[in-house]
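Heads up, the thing below is written out as structure tokens.
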Amino acid sequence: MNAARGVLIAGNWKMNHGPKAAREFADSLVGPWSRLSPAACAAIADRGLQALVFPPFLSLAATKDEFAKHGLPVSVGAQNVHWDEKGAYTGEISGPMLKELGFDWTLVGHSERRQHFGETDATVRKRAESHLKQGFRVVLCIGETRAEREAGQTEAVLERQLTQGLPALPEAGQALALGWGDRLVLAYEPVWAIGTGLTATPAQAEEAHAFVRAEAAKRYSPAIAAKLQILYGGSVTPENVAGLLDCPNVDGGLVGGASLKPESFAAMVATAGERMSARR
Ligand code: PGA
């Protein structure tokens, strides 16, 4: 982590927690949240620690309302959003629909969308460009499969995903002024680590994150790359999050399974806050 970039702990609920379970999650988060240490509270209040969850569409409103009811500072975003703002796309939802309900985060390019729903680098880029243009904050996921890692292709895969999938700058020289770099977040998620319990080691994560940041510097600018938050995802838990966050280029976590329980979600936020405060 790096104090200037802050830390983001994002929970990806995938196809879990309908509206009732989402409300129960928020209700049960109140206890562990009230027990966060002063250091963690300070990190949330003014040191750039953010918490976020991506519920399924049908639970978005319930989650947001229940967090608001309890005064919990946890943002809520959508797992998959079309690039067009309206039109003949049966089964899809658009950015303006989410904006109308007050949501401003989207998740793009998750490996499960790539594996099961035909997402490609080209559609990842279309979504990310459109969402950023519409003013959303976007978490864009990349990562290699086990076969690709074993074949020594990790960097080649990341380079391809970034070259073809990263959104274009709005206008040369304008990106920093528009705060554009602050609204794009990357998530390095090795596919072999997702849902498998096989977390990347801090050394593996740091190596990949440093590579991703260097690629972003080439593609955009060193100034934008230096500000870019890069999350690690793949079997992050309350037990291993500290070691990952201690890597200089790891700016948070995108967490699936361990984000579904309020206690473990709060525990990861607590650890992030304490690590941030310890580094000051
Ligand atoms: P996991 O999922 O934490 O359950 O491995 C991470 C993700 O898919 O974003």
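Ligands are counted one by one from 1 in listed order, and the atoms in each one are counted from 1 as well.
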For this session: May I ask you to check whether His131 and Thr106 show a side-chain donor-acceptor distance below 3.5 Å?
Result: yes
Problem set entry | Heavy atoms of other groups near Lys261 NZ, more than 12 under 6.0 Å | no
Exercise. Polar-atom distance check: Val255 versus ligand 1, any N or O pair below 3.5 Å?
Worked result: no
Exercise. Tell me: protein heavy atom nearest atom 9 (O) of ligand 1, and distance?
Worked result: Glu189 OE2, 2.7 Å
Exercise. Does Asn12 approach ligand 1 within less than 4.0 angstrom via side chain, backbone, both or neither, non-hydrogen atoms only?
Worked result: side chain
Exercise. Looking at side-chain heavy atoms only, is the closest gap between Arg127 and Asn80 below 4.5 Å?
Worked result: yes
Exercise. Just by distance, with hydrogens left out, do Ser28 and Glu24 show a side-chain donor and acceptor under 3.5 Å apart?
Worked result: no
Exercise. Is ligand 1 less than 4.0 angstrom away from at least one heavy atom of Gly233?
Worked result: no
Exercise. Going by an N to O cut-off under 4.0 Å, is there a salt bridge joining Lys99 and Asp104?
Worked result: no
Exercise. Any side-chain heavy atom of Phe103 within less than 4.5 Å of one from Val76?
Worked result: yes
For this session: Report, in ascending order of atom number, the atoms of ligand 1 lying under 4.0 Å from any heavy atom of Ser235.
Result: 1 (P), 3 (O), 5 (O)
Problem set entry | Listed once per pair and sorted, the salt bridge (charged side-chain N to carboxylate O under 4.0 Å, His left out) pairs that draw on residues 263-275, sequence neighbours left out | Asp246-Arg275
Exercise. Gly234 heavy atoms, cut-off 4.0 Å: which ligand 1 atoms fall inside?
Worked result: 5 (O)
Exercise. For ligand 1, which atoms, with element, lie under 4.0 Å from some heavy atom of Gly195?
Worked result: 1 (P), 4 (O), 5 (O)
Seminar exercise, completed: atom 6 (C) of ligand 1 sits nearest the protein heavy atom Gly256 N, 3.4 Å
Exercise. Do Tyr232 and Glu206 have a side chain donor and acceptor closer than 3.5 Å?
Worked result: no
Exercise. Cut-off 3.5 Å, side chains only: do Trp192 and Glu150 have a donor facing an acceptor?
Worked result: no
For this session: Output the list of atoms in ligand 1 that are nearer than 4.0 Å to some heavy atom of His110, sorted by atom number.
Result: 7 (C), 8 (O), 9 (O)
Exercise. Which residue holds the protein heavy atom closest to atom 4 (O) of ligand 1, what is that atom called, and what is the gap in Å?
Worked result: Gly257 N, 2.9 Å
Exercise. Looking only at heavy atoms of Ala258, does any of them come nearer than 4.0 Å to an atom of ligand 1?
Worked result: no
For this session: Under 4.0 Å from a heavy atom of Lys14: give me the atoms of ligand 1 that qualify, with their elements.
Result: 2 (O), 7 (C), 8 (O)
Exercise. When you look for heavy atoms under 4.0 Å from ligand 1, do you find them on the side chain of Ala193, its backbone, both, or neither?
Worked result: backbone
For this session: Please say whether Thr196 places an N or O atom under 3.5 Å from an N or O atom belonging to ligand 1.
Result: no
